[in-house]
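What follows is one structure encoded as structure tokens, with my remarks underneath.
Note that the coordinates shown come from a computational prediction; the quantities given were computed from them, not determined experimentally. Scope of the values below: all heavy atoms of this structure, side chains included, with no hydrogens, waters or symmetry mates.
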Amino acid sequence: MLLQVSAITKSYGVSTVLSNISLQIEARERIGLVGVNGAGKSTLLQIIAGELPYDSGSIFKAKETKIGYLKQNSGLTSDRSIWNELMSVFDRLLEMEEELRRLEARMSDPDVLADEKKTEETMRRYAELSDAFRERGGYEIEARIRGILSGMGFGQMDPATPVHTLSGGQKTRLALAKMLLEAPDLLLLDEPTNHLDIPTLTWLEQYLRSYPGAILVVSHDRYFLDSLVGAIYEIERTASRRYTGNYSRYIELKAADYEAQLKQYEKQQEEISKMEDFIQRNLVRASTTKRAQSRRKALDKMERLD
């Protein structure tokens with residue numbers, strides 16, 4: 001299990017936004033989070049990302065789990081160029097690369113070559129670091145950046161373009177591009193298809209389907225959800241419920257649930273009407289008062305369906 005949210009409640013003053021919300025995300029799961037506008041979807045993402053406190057409940061995630069959160073319409077703020085901003089994702093690998101260059105220079109140093117022990121230690125360190133650099137994708141950094149830039153619609157733009165000169169939509173797309181390069185264990189995406197044209201949207205769908213981590217996504221694009229997710233959590237009237245399948249399957253299950261609940265509601269309303277009628281007719285009659293009072297107590301204790 002990657003993350004577990006248990007009985008989360010969040011209120012603003014007397015207004016309850018989320019009540020007893022629970023969800024569970026396994027590694028590599030793709031989950032859609034749906035609900036009407038104002039249901040609390042973005043609030044829940046902020047809580048999971050640690051950007052917003054909650055009133056009660058608990059959130060459990062493994063200590064080493066990295067979470068990436070893309071807010072709706074939130075763009076990068078940076079004085080760097082597009083290229084340097086994305087290269088910053090790989091700072092640790094770039095440091096390793098610099099050390100490799102230093103070790104290469106050291107291996108050709110006459111003083112080191114003259115000392116067998118120093119030569120052996122330098123070559124051993126170089127071999128270890130080179131293997132680690134390769135395993136972490138150090139030799140693929142530029143190719144990965146160019147691929148992401150092309151897929152996210154920046155292929156024809158000069159990578160030296162300063163980030164602060166981009167439009168709001170471009171900054172949001174670049175923020176998503178950077179997050180995809182960072183590859184957190186869990187992606188929290190709030191309306192990621194905003195500002196995307198059809199080719200970019202198609203590329204993103206394909207990329208996310210093969211993404212190595214888990215994804216929790218809020219989107220009003222039903223076709224995007226159908227293409228990507230395998231489960232849906234719905235927030236309705238401050239509570240949550242899980243449905244297995246994509247968005248179309250959720251709609252089918254939701255409709256079936258509604259019909260079943262409506263039948264239960266109508267059956268209960270009919271029962272309530274009969275009990276109320278019995279009480280009115282029999283409460284004042286001495287021979288039936290006790291039975292009427294008993295029905296009234298049962299009616300008071302009844303848990304009424306909404």
Side-chain angles (χ1 to χ4, degrees), residues 10 12 17 30-53 66-91 141-142 144-184 186-209 211 213-229 235 247:
K10 175 67 178 178
Y12 291 103
V17 180
R30 282 92 171 94
I31 296 175
L33 184 62
V34 303
V36 298
N37 290 336
K41 304 183 296 295
S42 296
T43 298
L44 180 58
L45 291 188
Q46 286 180 278
I47 289 173
I48 294 174
E51 295 193 1
L52 196 65
K66 288 172 27 183
I67 294 178
Y69 172 42
L70 181 75
K71 294 181 181 179
Q72 186 175 170
N73 300 321
S74 64
L76 282 175
T77 302
S78 173
D79 293 325
R80 290 183 281 204
S81 68
I82 291 175
W83 184 263
N84 288 339
E85 183 65 33
L86 296 190
M87 282 292 284
S88 69
V89 171
F90 304 102
D91 281 347
I141 292 175
E142 291 197 6
R144 288 180 62 192
I145 292 177
R146 294 189 189 282
I148 290 284
L149 285 176
S150 177
M152 291 302 294
F154 294 97
Q156 303 303 315
M157 184 174 289
D158 184 352
T161 302
V163 172
H164 66 80
T165 66
L166 301 178
S167 68
Q170 288 172 327
K171 289 178 179 177
T172 299
R173 283 192 282 121
L174 192 63
L176 177 55
K178 184 177 180 180
M179 190 171 296
L180 294 177
L181 286 172
E182 291 169 339
L186 172 61
L187 276 176
L188 305 177
L189 304 177
D190 196 348
E191 298 293 351
T193 62
N194 287 355
H195 313 292
L196 301 186
D197 56 21
I198 296 300
T200 305
L201 177 56
T202 301
W203 179 89
L204 181 62
E205 287 177 359
Q206 293 173 346
Y207 189 93
L208 291 180
R209 279 201 293 269
Y211 184 75
I215 301 170
L216 178 61
V217 56
V218 171
S219 179
H220 285 91
D221 186 338
R222 64 172 296 170
Y223 302 104
F224 178 74
L225 292 177
D226 270 347
S227 170
L228 180 64
V229 307
I235 299 180
Y247 187 84

Closest non-hydrogen atom pair, S227 against E205: OG-OE1, 3.5 Å
After noting the C-alpha distance and the side-chain angles of T161 and F154, does the key distance pass the side chain to side chain contact (heavy atoms under 4.5 Å, CB included) rule? CA-CA 10 Å; T161 302; F154 294 97; over 6 Å; no
Does the Lys NZ or Arg CZ of K10 fall within the cation-pi geometry relative to Y12 - under 6.0 Å from the ring centre and within 45° of the axis? yes
Sub-3.5 Å donor-acceptor pair from the side chain of R144 to the main-chain atoms of L181, do we have one? yes
Working to the nearest 0.5 angstrom, can you tell me the gap between T172 OG1 and E191 CD? 12.0 Å
Please name the pair of heavy atoms, one in I141 and one in M87, separated by the smallest distance, quoted to 0.1 Å. CG2-SD, 3.8 Å
Other residues, nucleotides and ligands only: do more than 12 of their heavy atoms fall within 6.0 Å of OH on Y211? yes
What one should report as the nearest heavy-atom pair of I148 and A177 is CG2-CB, 3.3 Å
Specify the closest pair of heavy atoms between L216 and L33, including all atoms of both residues, with the distance to one decimal. CD1-CB, 4.2 Å
To the nearest 0.5 Å, tell me how far F224 CZ sits from L204 CG. 5.0 Å
When every non-hydrogen atom of N37 is compared with those of H220, the smallest separation belongs to OD1-NE2, 3.2 Å
Rounded to the nearest 0.5 Å, how far apart are CG of L44 and CG of L52? 10.0 Å
Separation between NZ of K178 and CG of L86, rounded to the nearest 0.5 Å: 7.5 Å
Distance only, no hydrogens: is a donor on one side chain within 3.5 Å (strictly under) of an acceptor on the other, for T200 and D197? yes
Could you tell me which non-hydrogen atom of S219 sits nearest to which non-hydrogen atom of T193, and how far apart they are? OG-OG1, 4.0 Å
Beyond-backbone contact of L187 with L180, side-chain heavy atoms, under 4.5 angstrom: yes
Pairwise side-chain contact, L149 with L174, heavy-atom cut-off 4.5 Å (strictly under): yes
Atom pair CD/CH2 of E142 and W83 - distance to nearest 0.5 Å: 4.5 Å
Salt-bridged, E182 to K66, with N to O below 4.0 Å? no
Is the backbone N or O of M152 less than 3.5 Å from a side-chain atom of R173, with the two atoms forming a donor-acceptor pair by type? yes
What verdict does the side chain to side chain contact (heavy atoms under 4.5 Å, CB included) test give for M157 and L166, after you've listed the backbone C-alpha separation in whole Å, the side-chain angles of each residue and the deciding distance to 0.1 Å? CA-CA 11 Å; M157 184 174 289; L166 301 178; 3.7 Å; yes
Before giving the answer on side chain to side chain contact (heavy atoms under 4.5 Å, CB included), spell out for V163 and N84 the whole-Å C-alpha distance, their side-chain angles and the decisive distance to 0.1 Å. CA-CA 10 Å; V163 172; N84 288 339; over 6 Å; no
Would you find a donor on one side and an acceptor on the other, under 3.5 Å apart, between the side chain of S150 and the backbone of G147? no
Here the gap from D190 atom CG to L188 atom CG, rounded to the nearest 0.5 Å, amounts to 9.5 Å
Trace of the side chain to side chain contact (heavy atoms under 4.5 Å, CB included) decision for L208 with V217: CA-CA 11 Å; L208 291 180; V217 56; over 6 Å; no
Any donor-acceptor N/O pair, K41 side chain to G35 backbone, under 3.5 Å: yes
